[in-house]
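Sharing a structure below in structure tokens format, with a few things to ask.
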Amino acid sequence: MSASSDYLAHLNPSQRQAVEHFEGPLLVVAGAGSGKTRALTYRIAHLIRQHGVDPENILAVTFTNKAAKEMKARLETIFAQVWAQQEFGQRFELLGEYEKTQLMSKVYKKITKPLWIGTFHSLCSRILRYDIDKYRDERGRSWTKKFSIFDENDVQGVIKNIITKEMDLDEKQFNPRTIRYKISNAKNLGHSPDQFLKENPGYKGRVMSEIYQAYQAQLVANNALDFDDLILLPTRLFQQNESILGYWHRKFNHILVDEYQDTNRIQYDLIRLLSTNGEDQPKNWDWRGRSTFVVGDADQSIYSFRMADFTILLNFQEDFGDRLPDAQTQTMVKLEENYRSRENILQAANCLIENNSQRIDKVLKPTRTGGDDIILFKADDERDESRFVVDKILELKQVNPELNFGSFAILYRTNAQSRPFEERLLSYRIPYSIVGGFKFYDRQEIKDAIAYLRILVNPADTVSLLRIINTPRRGIGKSTIESFVNASKELDIPLWEILTDETSVQTLAGRASKKTLQFANFLQTIQSQITELPASSILNLVLEQSGYVEELKQKGTEEADNRLANLAELDNAIRQFEAESEDPSLVEFLASASLSSDLDDLQEDAEKVSLMTLHSAKGLEFPVVFLVGLEQGTCPHARSIDDPLDLEEERRLCYVGITRAQENLFLTHARVRYVWGSLETKVPSQFLQELPPELLSDPFTGRGSSRKTSNSSQKNPSIAQKQRQALKATKSNGATSLTWEVGDRVIHANFGEGVVTHIFGTGLKVNLAIKFPGISPKIIDPRLDSLRRP
DNA sequence: CGTACTGCTCGTGAT
DNA sequence: GAGCAGTACG
């Protein structure tokens, strides 16, 4: 039996179709828990084994670094097994230690190392390390390969500085946070400052586009990029340089994108350019030996705040596909069988998501029947809620020996909700790990150390230089720094060039000039060694010679000891990076540090209770899930409650939470909760009323607990009830008796006049994709949204 | 020049 | 509750 038919045997027919697809485009609509990661991994293995594709010609985009790491690990397992059979005629486990090591290093060298697997951000930063110097922005400016990646804090700082210092604007009228958000959105749509001005006319728009302009100038001056640029620049570069695009297009014959529903415009443009070589006419596309394979689920689209746009997924058939109806298409596969959750959990999930109007009709089909009731717990307050959850964890673990602490996840809408759970877990001495919130790389001492490293690699990085110029204190004070900064602005050269010029320093600094020159000298000395010494040695040189460690040691406080421990942790991280990475340079370490998230080192086998937001939980699964804080204003979040489309995204978020559970699901809400220090009375989440009451039971009586809520909601009908009423109304006025056709003109109460571009489903269950002028296409259920003919 | 204190504002999600 | 700007004081 060949090993390849062996792995194909583990797939259902749809998964198999996805895995065996070779050339051309394919959309895989993959519901939660339908085995899409398996399909993606096996597809890569199949391309290499069956079609002889060279791993270096495969590009796979994952949503997190963790997913990338896991996919690589799975591929290594597959190939280790296959080659063990081929070369030794045995299962891998039965080989001797030496053979195992030899084989694994061969698998790494031949398979996972040459593969390009990672997030959009990490893959793009890799492309930029090759080609960024060939890029020119709209004003002809350029970057070097040593560019820094500014994190959100750096960016906020720069923008705030521009608003308050450079442009002397009122911070209240021009909120740095809001403007940062608008600039990010503009970049994700591919808009330059000039285009931004066109989109935002009037006084405010003009000022904001000036801020955007100034911000770009700062990035260029610092030889730095923000997160959005990491994707925007390669896309622009490909648009402006045919031969560079040609190179990457020819390199990446097979492109795979996971979580396609959460891609945004620029990411789509990038994938399209790489797939089509910038050729607009589908008839000119040459798919021989090439494929573009995307996997996603519109019902799990939860990143619209990052400009993700799931209509990109809905449009795949139009953009790349054969545009045939579902039954005949060769360019779409649906994975609807769910292998993760018990039947009743799936029923609840299906029932909830049906309340959304913007979706492709898709029902998760259970493969695992039965299961315990879903428990709905009404807590008095957040402390009562945390007590219930933690008690339940202990109880379940005791009753069921198969469960360990790692089997449990507590999921919430916002990071701020974690505290009561942390406190209680701590007091019960239960191990837990918390994802999100305050990251390792956000700590002050880590950011200081990173700033030192960044200035060594990229001397133009003035933001980093300013961070550490007087940290630890070395007598270079505010006014001295100010005169340096003014001079560098005046001459339009990086601050670093002033500091390394003895005459300039002596002229500008007076008393502090000796200290300044010492500082500049010490950095220059280390800088001359960065190509010779390993990154970890550079870090240690910097920490010792800057006096940073010395200062902390002298303080001797508990806090200082903590910081020293964190710096030791950073040293570990660098050493580990050196051991694992194919390019262990300092530049690469800095890039990986910028792009890391703490989800990346969440281990499933760590026997720790997981705490995280619903966003972070995407793609994960747990035997037991607690979905907490299900109250109006918390989940759905207060900022989304008034906008119907935002509310649908909140519902998808809740859906993502429910579908994480394999065996048991607990839903909790509190009667009152402290919000920003004051007590607020909370109303149960409307999503609770959208779940079938017969599936929910009370943790103590075991009986349906939601009867009361659904009765009392008669006067104040839930959204579901309202929609049922709306459905009746449209039926009686005969709107659904109309049959829809592509090209029909319609009038929608909110969006105005539009044209039907697609029809999803048949019979009563029909959704329409409608293009309204000036906005992205909408998927609309004609039974729920009132549509008129013109 | 550096630090400690006060008072003010702000508050979703994250690569 | 935290982070930040402004201010008073050593």
Side-chain angles (χ1 to χ4, degrees), chain A residues 61-68 118-125 149-153 155-157 160-161 164-165 171-172 175-178 180-181 184 187-188 225-232 259 262-264 266-267 301-308 411-419 435-439 441-442 444 470-482 509-512 515 591-600 612-619 629 633-641 643 646-647 649-650 652-654 656-657 674-678 680:
Chain A
V61 187
T62 59
F63 200 69
T64 61
N65 293 309
K66 178 170 176 260
T119 61
F120 272 109
H121 293 88
S122 65
L123 294 166
C124 284
S125 102
I149 300 170
F150 279 179
D151 66 22
E152 218 35 57
N153 279 304
V155 168
Q156 286 284 349
K160 191 165 185 183
N161 194 46
T164 58
K165 304 272 158 56
E171 240 186 287
K172 293 198 182 75
N175 179 292
R177 242 187 94 89
T178 316
R180 159 63 185 141
Y181 185 63
S184 176
K187 287 192 174 187
N188 282 317
L225 301 180
D226 63 26
F227 275 15
D228 305 318
D229 291 331
L230 289 177
I231 297 158
L232 184 58
E259 307 285 7
D262 280 322
T263 54
N264 63 37
I266 283 297
Q267 293 165 341
S301 168
I302 55 175
Y303 278 91
S304 70
F305 69 94
R306 243 162 62 178
M307 293 304 272
L411 308 181
Y412 35 76
R413 176 63 179 82
T414 64
N415 283 308
Q417 286 165 261
S418 70
R419 182 160 286 188
V435 175
F438 208 66
K439 287 191 288 184
Y441 286 99
D442 284 342
Q444 188 187 302
N470 200 30
T471 309
R473 283 185 298 281
R474 48 176 71 87
I476 308 174
K478 225 177 173 176
S479 55
T480 315
I481 295 171
E482 206 173 316
R511 259 197 312 163
K515 305 272 187 188
S592 89
S594 305
L595 299 175
S596 81
S597 82
D598 54 356
L599 197 61
D600 300 339
M612 68 187 86
T613 62
L614 290 165
H615 282 94
S616 293
K618 187 166 86 161
T634 309
C635 184
H637 193 272
R639 298 189 55 146
S640 306
I641 228 160
D643 180 312
D646 288 349
L647 186 68
E649 179 146 319
E650 296 288 313
R652 291 195 291 271
L653 211 38
C654 187
V656 166
Y674 275 95
V675 184
W676 317 317
S678 61
E680 281 186 17

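Note that the coordinates shown come from a computational prediction; the quantities given were computed from them, not determined experimentally.
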Inset, instruction - Kindly write out the residues that satisfy ring pair (Phe, Tyr, Trp, His ring centres under 6.0 Å) with A:His637, not counting sequence neighbours, or none if the list is empty. - result: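 So A:His637 forms no ring pair (Phe, Tyr, Trp, His ring centres under 6.0 Å) with any residue.
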
Inset, instruction - Could you tell me whether the side chain of A:Thr119 reaches within less than 4.5 Å of the side chain of A:Val61, counting heavy atoms only? - result: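 Result no, sub-4.5 Å side-chain heavy-atom pair not found.
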
Legend entry - A:Arg306 side chain near A:Asn264 side chain, heavy-atom distance below 4.5 Å: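 SC-SC contact between A:Arg306 and A:Asn264 ruled out.
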
Give me the distances for all protein-to-nucleotides 1-3 of chain B N/O pairs that come in under 3.5 Å?
unit_1, atom_1, unit_2, atom_2, d
B:dC1, OP1, A:Ser479, OG, 3.3
B:dC1, OP1, A:Thr480, OG1, 3.2
B:dC1, OP2, A:Ser479, N, 3.4
B:dC1, OP2, A:Ser479, OG, 2.6
B:dG2, OP1, A:Asn470, ND2, 3.4
B:dT3, OP1, A:Arg473, NE, 3.1
B:dT3, OP1, A:Arg473, NH1, 2.8
B:dT3, OP1, A:Arg473, NH2, 2.7
B:dT3, OP2, A:Arg473, NH1, 3.2

Legend entry - Which residues share a ring pair (Phe, Tyr, Trp, His ring centres under 6.0 Å) with A:Tyr441, sequence neighbours left out: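 By the ring pair (Phe, Tyr, Trp, His ring centres under 6.0 Å) rule, A:Tyr441 matches no residue at all.
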
Legend entry - Side-chain (A:Asp228) to main-chain (A:Lys187) donor-acceptor, under 3.5 angstrom: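 The answer is no, because no donor-acceptor pair under 3.5 Å joins these two groups.
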
Inset, instruction - Side-chain contact test, heavy atoms from C-beta onward, threshold under 4.5 Å: evaluate it for A:Leu232 versus A:Ile266 and give yes or no. - result: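 A side-chain contact under 4.5 Å exists here.
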
Inset, instruction - Would you please test A:Ser184 and A:Val155 for side chain to side chain contact (heavy atoms under 4.5 Å, CB included) and show each step? - result: CA-CA 10 Å; A:Ser184 176; A:Val155 168; over 6 Å; no

Legend entry - Within-4.5 Å side-chain heavy-atom neighbours: A:Asp226 and A:Arg180: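 Yes; the side chains approach each other to less than 4.5 Å.
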
Inset, instruction - Could you encode protein contacts along nucleotides 8-15 of chain B as a string, one character per nucleotide from 5' to 3', using B for base contact, S for sugar-phosphate-only contact and - for no contact, with a heavy-atom cut-off of under 4.0 Å? - result: ---BBBBB

Inset, instruction - Check side-chain contact (heavy atoms from CB on, under 4.5 Å) between A:Gln444 and all other residues, then give those that pass, not counting sequence neighbours. - result: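 With neighbours one apart ignored, the set is A:Asp448, A:Arg467, A:Arg563.
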
Legend entry - Sugar-phosphate, base or nothing in reach of A:Lys160, heavy atoms under 4.0 Å: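 Since only primed, P, OP1 and OP2 atoms lie under 4.0 Å of A:Lys160, the category is sugar-phosphate.
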
Legend entry - Side chains of A:Lys618 and A:Tyr303 in contact at under 4.5 Å (non-hydrogen atoms):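 Side-chain contact under 4.5 Å: yes.
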
Legend entry - First and last nucleotide of DNA chain C, 5' to 3', lying under 4.0 Å from heavy atoms of chain A: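 The footprint of chain A covers C:dG1 to C:dA5.
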
